[in-house]
Amino acid sequence: QVQLVESGGGLVQAGGSLELSCAASGRNFSNYNMGWFRQAPGKEREFVATINWNGGARYYAASVKGRFTISRDNAKNTEYLQMTSLKPEDTAVYYCAADTSKILTPALTANQWEYDYWGQGTQVTVSS
């Protein structure tokens, strides 16, 4: 029903910037709240950011607030994560996710179990 493909990961120096993209399939992308999560080796997957169906509401993890910006372009079926002031601690595999259970609502969640579609992940490595 929904396929998500992340791109834009890579190697960047601390203090640098990187933008991740998540291309979604289907014509109902604009109905779904979307999110970004990340997981570093040996660590639990953690919430990064989420955005509601029309982009009018956003929520960020405290660790990235002020540095990362989540956005979406419904005309392009794409979600973005603009990352600035990157730190080595940001090194992780970043996953795009869709919450299809909350259609056309601004309600957001940081709970990974409420997202039912996931991309394959894209690696972000921040060197010191």
Side-chain angles (χ1 to χ4, degrees):
Q1 298 178 52
V2 178
Q3 294 185 7
L4 307 173
V5 180
E6 303 96 334
S7 62
L11 176 64
V12 64
Q13 292 183 333
S17 300
L18 202 63
E19 183 177 78
L20 307 182
S21 298
C22 173
S25 66
R27 60 186 177 184
N28 295 320
F29 171 76
S30 61
N31 292 345
Y32 310 137
N33 296 338
M34 302 289 295
W36 287 97
F37 293 78
R38 67 186 183 185
Q39 186 169 24
K43 297 183 179 180
E44 297 179 348
R45 184 164 58 188
E46 66 176 354
F47 167 76
V48 175
T50 183
I51 186 168
N52 81 316
W53 65 277
N54 69 354
R58 297 170 174 83
Y59 179 70
Y60 299 91
S63 59
V64 306
K65 189 175 183 179
R67 300 189 298 119
F68 291 11
T69 301
I70 188 171
S71 63
R72 66 192 298 163
D73 186 339
N74 287 345
K76 298 182 181 297
N77 277 14
T78 303
E79 178 195 26
Y80 303 94
L81 185 68
Q82 179 65 46
M83 305 181 292
T84 63
S85 301
L86 283 163
K87 306 174 181 179
E89 305 94 277
D90 296 318
T91 296
V93 176
Y94 283 70
Y95 297 93
C96 173
D99 177 7
T100 65
S101 68
K102 302 181 182 65
I103 298 175
L104 300 179
T105 177
L108 301 173
T109 181
N111 182 359
Q112 63 180 298
W113 304 111
E114 297 189 45
Y115 293 82
D116 44 8
Y117 292 93
W118 296 81
Q120 83 290 344
T122 185
Q123 176 71 48
V124 172
T125 302
V126 184
S127 62
S128 60

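Note that the structure is predicted; figures quoted are calculated from it, not measured.
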**Prompt:** Going from CG on Leu81 to OG on Ser71, what distance comes out if it is rounded to the nearest 0.5 angstrom?
**Reply:** 8.0 Å

**Request:** Report yes if the side chains of Gln123 and Thr91 come closer than 4.5 Å at any heavy-atom pair, otherwise no.
**Result:** yes

**Prompt:** Val12 and Met83: side-chain contact (heavy atoms from CB on, under 4.5 Å), yes or no, with the steps?
**Reply:** CA-CA 11 Å; Val12 64; Met83 305 181 292; over 6 Å; no

**Request:** Take the angle between the ring planes of Phe68 and Tyr94 and call it parallel below 30°, perpendicular above 60°, tilted in between.
**Result:** tilted

**Arg45 side-chain N/O to Phe37 backbone N/O, donor-acceptor pair under 3.5 Å** = no

**Prompt:** Quick one: are Glu79 and Leu4 in side-chain contact, heavy atoms under 4.5 Å?
**Reply:** no

**Prompt:** Is there a donor-acceptor pair closer than 3.5 Å between any side-chain N or O of Asn52 and the backbone N or O of Ala57?
**Reply:** yes

**Message:** Between Arg72 (side chain only) and Phe29 (backbone N and O only), is there a donor and an acceptor less than 3.5 Å apart?
**Reply:** yes

**Message:** Could you see if Trp53 belongs to whatever hydrophobic cluster contains Tyr80? Use Ile, Leu, Val, Met, Phe, Trp, Tyr and a side-chain cutoff under 4.5 Å.
**Reply:** no

**Message:** Tell me if the OH atom of Tyr59 is crowded by more than 12 foreign heavy atoms within 6.0 Å.
**Reply:** no

**Request:** Please confirm whether the backbone N or O of Thr109 pairs with a side-chain atom of Tyr115, one donor and one acceptor, at under 3.5 Å?
**Result:** yes

**Prompt:** Okay, side chain of Gln82, backbone of Thr69: is any donor-acceptor separation there less than 3.5 Å?
**Reply:** no

**Item:** Minimal non-hydrogen separation, Ala49 against Tyr60, with atom names
**Value:** CB-CD2, 3.6 Å

**Asked** Do any N or O atoms from the side chain of Asp116 and from the backbone of Thr100 form a donor-acceptor pair under 3.5 angstrom?
**Response** yes

**Request:** Would you please name every residue forming a salt bridge (charged side-chain N to carboxylate O under 4.0 Å, His left out) with Glu46, sequence neighbours left out?
**Result:** Arg38

**Asked** Counting N and O atoms only, with roles assigned by atom type, does the side chain of Asn33 sit under 3.5 Å from a partner on the main chain of Thr50, one being a donor and the other an acceptor?
**Response** no

**Gln120 backbone acceptor or donor facing Glu6 side chain under 3.5 Å** = yes

**Request:** For residues Met34 and Ala98, report the shortest heavy-atom separation together with the two atoms involved.
**Result:** SD-CB, 3.5 Å

Could you pull out every donor-acceptor pair under 3.5 Å between side chains of residues 13-26 and any protein atom, sequence neighbours left out?
from	atom 1	to	atom 2	distance (Å)
Ser25	OG	Gln3	N	2.9

